[in-house]
Amino acid sequence: MIALKKIDKRFGKFHVLKNISLTVQPGKITAIVGPNGSGKTTIIKSILGLVRPDKGDILIDGKSVLGEFLYRKKIGYMPQIASFPENLTVQEVIKMISDLRNEPIDIESKLIELINLIPEMNKQIRTLSGGNKQKLSAYIALIFNPSIIILDEPTAGLDPVASSNLKQKILEERSNGKTIILTSHIMSEIEELADNILFLIDGRIVFDGEVRDLIESRGEHKLEKAIANMMNEKVNGTYN
Amino acid sequence: MELITKIIKFELSNTLRSKWIIVYSAFFLLLTFLLFNFEEDANKAALSLMNIILIVIPLVSVIFGTMYVYNSIEYIQMVLCQPINRKSLFVGLYLGNSIPLAFGFISGTFLGIVLSGYSFMGYKSIFILLVIGFALTFIFTSIAFLIAIKVSDKARGLGIAIIIWLMLSVIYDGIVLFVIYYFRDYPIENIVLGISLLNPIDLARIFFILDFNISALMGYTGALFIKFFGSSLGVVISIIMMFVWFIIPVIFGFRSFYKKDF
């Protein structure tokens, strides 16, 4: 289980996270949504230890993880923009990560077929398209069988087949009991995948609960409308 | 340690395939070959090579180092998402960047000398030259890492890197000359000596010139330089100062890397 307790973070004069407390339910898919700059990526990066909160604590399975690194063995992460050493081949990058994690893997597993990376295996990273780099990133996030999977805009830049396969894999991982956190700007995707939703505006949580509860509470049929409705209300509430 | 070795291994296999390292090595090969081939006096050739090394190595190391960190931010993020501590990653990245640069310089220069058919008679000056190039690569890469980790804005960081290089390789000499000229009526030898210790490029230059025994050409402080840098205490102090120039930016760079939000 992942728990954030009273997390506060500033980047210079920007107060990005304002006293955030939340619990991510294990074995469920939790989507973090919100307008650009609302703090979604900062929350994810705080869990991963890439960003150090100014205040508060982050617990994974009951243990504080601030300043720790071994807990990341439990996490698979797919970032918004994937970047790897330019002159290495896809296969070398996979071997590098496996070596760094000290976790041997079967490279030619079902996953590589599902993600359709086989034709790219011997190509250097700098010759790969953005979509293929995303596929490699998804592969690295999933191949080590982590109990927590964090996906930042996972389908952005993927072709429809790869996107559909990845979504199928995400659902499969949930049925295997994995805890999944994802962000997306595509509301239909969130409706399709997520059990819970965490709605952020301006560094504060404005909704934390089940997706269908959010839709029903706004009297809408679609998540997109419910979110738009809520966002307008908050923005107007702030400025009026 | 095992983790650091792994990171260095991957960094090396990435950087050694980069065109820039090949161009850098080829530059020293060609330069050394031409200098030692067309200059009859090998000492003069070594001196010319030294003057170019003192300008080129700090410049390339500081630019290459800063650009490397800025261009690797997403890659650093990806590696930091693995169960790896920041210390191992920092040391691995630093050595993985400076070793290929030092290797490019040493292999190019060494091959250039071999190809020119130079008999290595003055092997001591060649050895000093290679050591100085090696030390300057590590010093300026550590300065580059400190700048790029501290300053998030790429353009600003690169600007600071170039200004530091310009300060240490060009403007510093001007300041020293100004001090010597302006206070020529006062006993300022010790001050000038102290000022020279504060600049790694100056230290490298003094080392080399001492080997040629032409420090008397440096004016009235020359004798003092021979007396100080020629003595075993002088050599030890200058080596310590070169080490300080390497270790201080590494320590501050690591501290910033440890606290940095990626």
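Order of the sequence lines sets the chain letters (A, B, ...), proteins ahead of strands, with each chain counted from 1.
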Open item on the list: Quick check on side-chain contact (heavy atoms from CB on, under 4.5 Å): which of A/Asn102, A/Asp99, A/Leu100 does B/Leu3 satisfy it with?
Closed with: A/Leu100

Open item on the list: Please classify the contact of B/Lys9 with chain A as side chain, backbone, both or neither, using a heavy-atom distance under 4.5 Å.
Closed with: side chain

Should we count [atom1] of [X] as having more than 12 external heavy atoms under 6.0 Å?
X        : atom1 : result
A/Lys5   : NZ    : no
A/Phe14  : CZ    : no
A/Lys95  : NZ    : no
B/Tyr172 : OH    : yes
A/Phe69  : CZ    : yes

- [ ] Determine the minimum heavy-atom distance between A/Gly67 and B/Tyr258, stating which atoms define it.
- [x] O-OH, 4.4 Å

Task: side-chain hydrogen bond (donor to acceptor under 3.5 Å, both in side chains) partners of residues 98-116 of chain B, not counting sequence neighbours, each pair once - done: B/Ser25-B/Ser107

Chain B-proximal positions within [range] [heavy-atom distance under 4.5 Å]:
range                       : value
residues 120-140 of chain A : A/Gln124, A/Ile140
residues 76-84 of chain A   : A/Tyr77, A/Ile81, A/Ser83, A/Phe84
residues 20-43 of chain A   : none

Task: Close side-chain approach of A/Ile75 to B/Cys81, heavy-atom, < 4.5 Å - done: no

Task: Any side-chain heavy-atom pair of A/Tyr71 and B/Pro83 under 4.5 Å - done: no

Task: Pick from B/Lys260, B/Lys259, B/Gln77 with the largest number of heavy-atom pairs that fall under 4.5 Å of chain A - done: B/Gln77

Task: Contacting region of A/Lys9 [heavy-atom separation from chain B under 4.5 Å] - done: side chain

Task: Heavy-atom proximity to chain B below 4.5 Å, by part of A/Lys45 - done: side chain

Once you round to the nearest 0.5 Å, how far does [atom1] of [X] lie from [atom2] of [Y]?
X       : Y        : atom1 : atom2 : answer
B/Lys19 : A/Asn87  : NZ    : CG    : 9.0 Å
A/Asp54 : B/Asp261 : CG    : CG    : 8.0 Å
B/Gln82 : A/Phe144 : CD    : CZ    : 6.5 Å

TODO: Measure from NZ or CZ of A/Arg52 to the centre of the six-membered ring of B/Phe262, then state whether that distance is under 6.0 Å and the direction lies within 45° of the axis.
DONE: no

